Colleague: 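Quick one: this structure, given as structure tokens, is what I'll be asking you about.
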Amino acid sequence: MIKTLYLDCFAGASGDMLVGAMLDCGLDFELLRSELLKLGVEGYELSLKRASRSGISAAKFDVHLEDAHSREHHHEHRSLSEIKRIIASSTLSEQVKQRAQTIFQRIGEAEAKIHGIPIETVHFHEVGAIDSIVDIAGACVAFDILKIE
């Protein structure tokens with residue numbers, strides 16, 4: 001049986017927002033945490049709490065960088081190939097790796113088009129930072145665990 005998830009992203013969606021939504025759909029936080037260890041990156045901690053905005057309560061998932069040195073490099077610049085290499089060298093499932101690499105590929109294509117440059121020369125700023133990589137990989141892990149096609 002195929003599971004389909006419909007999202008109404010009228011104002012966009014970030015990786016942490018998608019993971020929070022998946023946690024509200026039943027994703028186990030500790031299972032997510034253990035899967036993200038397979039990404040093979042360090043220097044972050046995950047948190048989960050409840051947030052309420054305009055009378056709506058939701059899971060608030062965050063990736064926090066561990067120390068001041070990491071915060072200084074929060075906006076590290078990484079190329080698409082560097083990010084794909086991080087994902088490819090992980091021990092995440094092949095499906096999660098493929099989905100995460102596809103997301104970064106599409107972001108890279110959009111950045112290249114917007115700036116009128118070849119995709120090979122795109123350097124990700126915020127999206128290249130560890131917290132953003134963990135957010136996007138986390139969303140892919142969530143879809144995999146919940147078996148959302």
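Treat the numbers as computed from the prediction; the structure is a model and nothing was measured.
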Colleague: Quick check against the 3.5 Å criterion: does Thr102 have a side-chain atom that pairs as donor or acceptor with the backbone of Gln98?
Modeller: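 Present.
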Colleague: What side-chain donor-acceptor pairs closer than 3.5 Å can you find for residues 133-146, not counting sequence neighbours?
Modeller:
none

Colleague: Taking the side chain from His64 and the backbone from Asp62, do they hold a donor-acceptor pair closer than 3.5 Å?
Modeller: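 Side chain of His64 to backbone of Asp62, a donor-acceptor pair under 3.5 Å: no, none is there.
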Colleague: Scan residues 90-109 for pairs that pass salt bridge (charged side-chain N to carboxylate O under 4.0 Å, His left out), counting only residues two or more places apart or in two chains.
Modeller: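 Qualifying pairs: Glu94-Lys97.
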Colleague: Check the hydrophobic clustering (I, L, V, M, F, W, Y; side-chain heavy atoms under 4.5 Å; chains of links allowed) and say if Val96 and Leu37 are grouped together.
Modeller: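 No, it is not one cluster - the side chains of Val96 and Leu37 are not joined through contacts under 4.5 Å.
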Colleague: Please check if Ile148 and Phe61 belong to a single hydrophobic cluster, counting links between Ile, Leu, Val, Met, Phe, Trp and Tyr side chain heavy atoms closer than 4.5 Å.
Modeller: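 Linked, Ile148 and Phe61 end up in one cluster.
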Colleague: So how far is it from Met22 CE to Phe29 CZ, rounded to the nearest 0.5 Å?
Modeller: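 Nearest 0.5 Å value for the CE-CZ distance: 15.5 Å.
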Colleague: About how many Å separate CD of Glu45 and CZ of Arg33, when rounded to the nearest 0.5 Å?
Modeller: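 Result: 8.0 Å between the selected atoms.
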Colleague: Under 3.5 Å, side-chain donor or acceptor atoms of residues 7-15 against the rest of the protein: list the pairs with distances, not counting sequence neighbours.
Modeller:
residue, atom, partner, partner atom, Å
Ser14, OG, Asp16, OD1, 2.4
Ser14, OG, Met17, N, 3.4

Colleague: Are the side chain of Gln101 and the backbone N or O of Lys84 linked by a donor-acceptor pair below 3.5 Å?
Modeller: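 Yes: the side chain of Gln101 pairs with the backbone of Lys84.
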Colleague: Can you confirm whether Val122 sits close enough to Leu80 that some side-chain heavy atom of one is under 4.5 Å from a side-chain heavy atom of the other?
Modeller: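 The answer is no, as the side chains (C-beta and beyond) never meet within the 4.5 Å cut-off.
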Colleague: Would you say that Arg78 contacts Ile86 through its side chain, given a criterion of any heavy-atom pair below 4.5 Å between the two side chains?
Modeller: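 They are in contact (side-chain heavy atoms under 4.5 Å apart), so the answer is yes.
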Colleague: Sub-3.5 Å donor-acceptor pair from the side chain of Glu82 to the main-chain atoms of Ser79, do we have one?
Modeller: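 Yes: the side chain of Glu82 pairs with the backbone of Ser79.
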Colleague: Between the side chain of Asp28 and the main-chain N/O of Glu30, is any donor-acceptor distance below 3.5 Å?
Modeller: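 Side chain of Asp28 to backbone of Glu30: a pair is present.
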Colleague: Which value, rounded to the nearest 0.5 Å, describes the distance between Ile83 atom CD1 and Ile103 atom CD1?
Modeller: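 It is 12.0 Å, given to the nearest 0.5 Å.
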Colleague: What are the two closest heavy atoms between Ala112 and Pro118, and how far apart are they?
Modeller: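 Smallest interatomic distance, heavy atoms only, reads CB-C, 4.2 Å.
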Colleague: Regarding Asp24 and Arg50, does a basic nitrogen lie under 4.0 Å from an acidic carboxylate oxygen?
Modeller: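 Counted as a salt bridge, because a side-chain N and a carboxylate O are separated by less than 4.0 Å.
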Colleague: Can you check whether Glu149 reaches Leu5 side chain to side chain, under 4.5 Å on heavy atoms?
Modeller: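 In short, these two side chains do not touch, never coming nearer than 4.5 Å.
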Colleague: Under a single-linkage definition using a 4.5 Å side-chain heavy-atom cutoff for Ile, Leu, Val, Met, Phe, Trp and Tyr, are Leu31 and Leu46 assigned to the same hydrophobic cluster?
Modeller: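 Yes, one cluster joins them.
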Colleague: Identify the heavy atoms of Tyr44 and Val41 that sit nearest to each other, and give their distance.
Modeller: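 Closest pair (atom of Tyr44, atom of Val41, distance): CE2-O, 3.4 Å.
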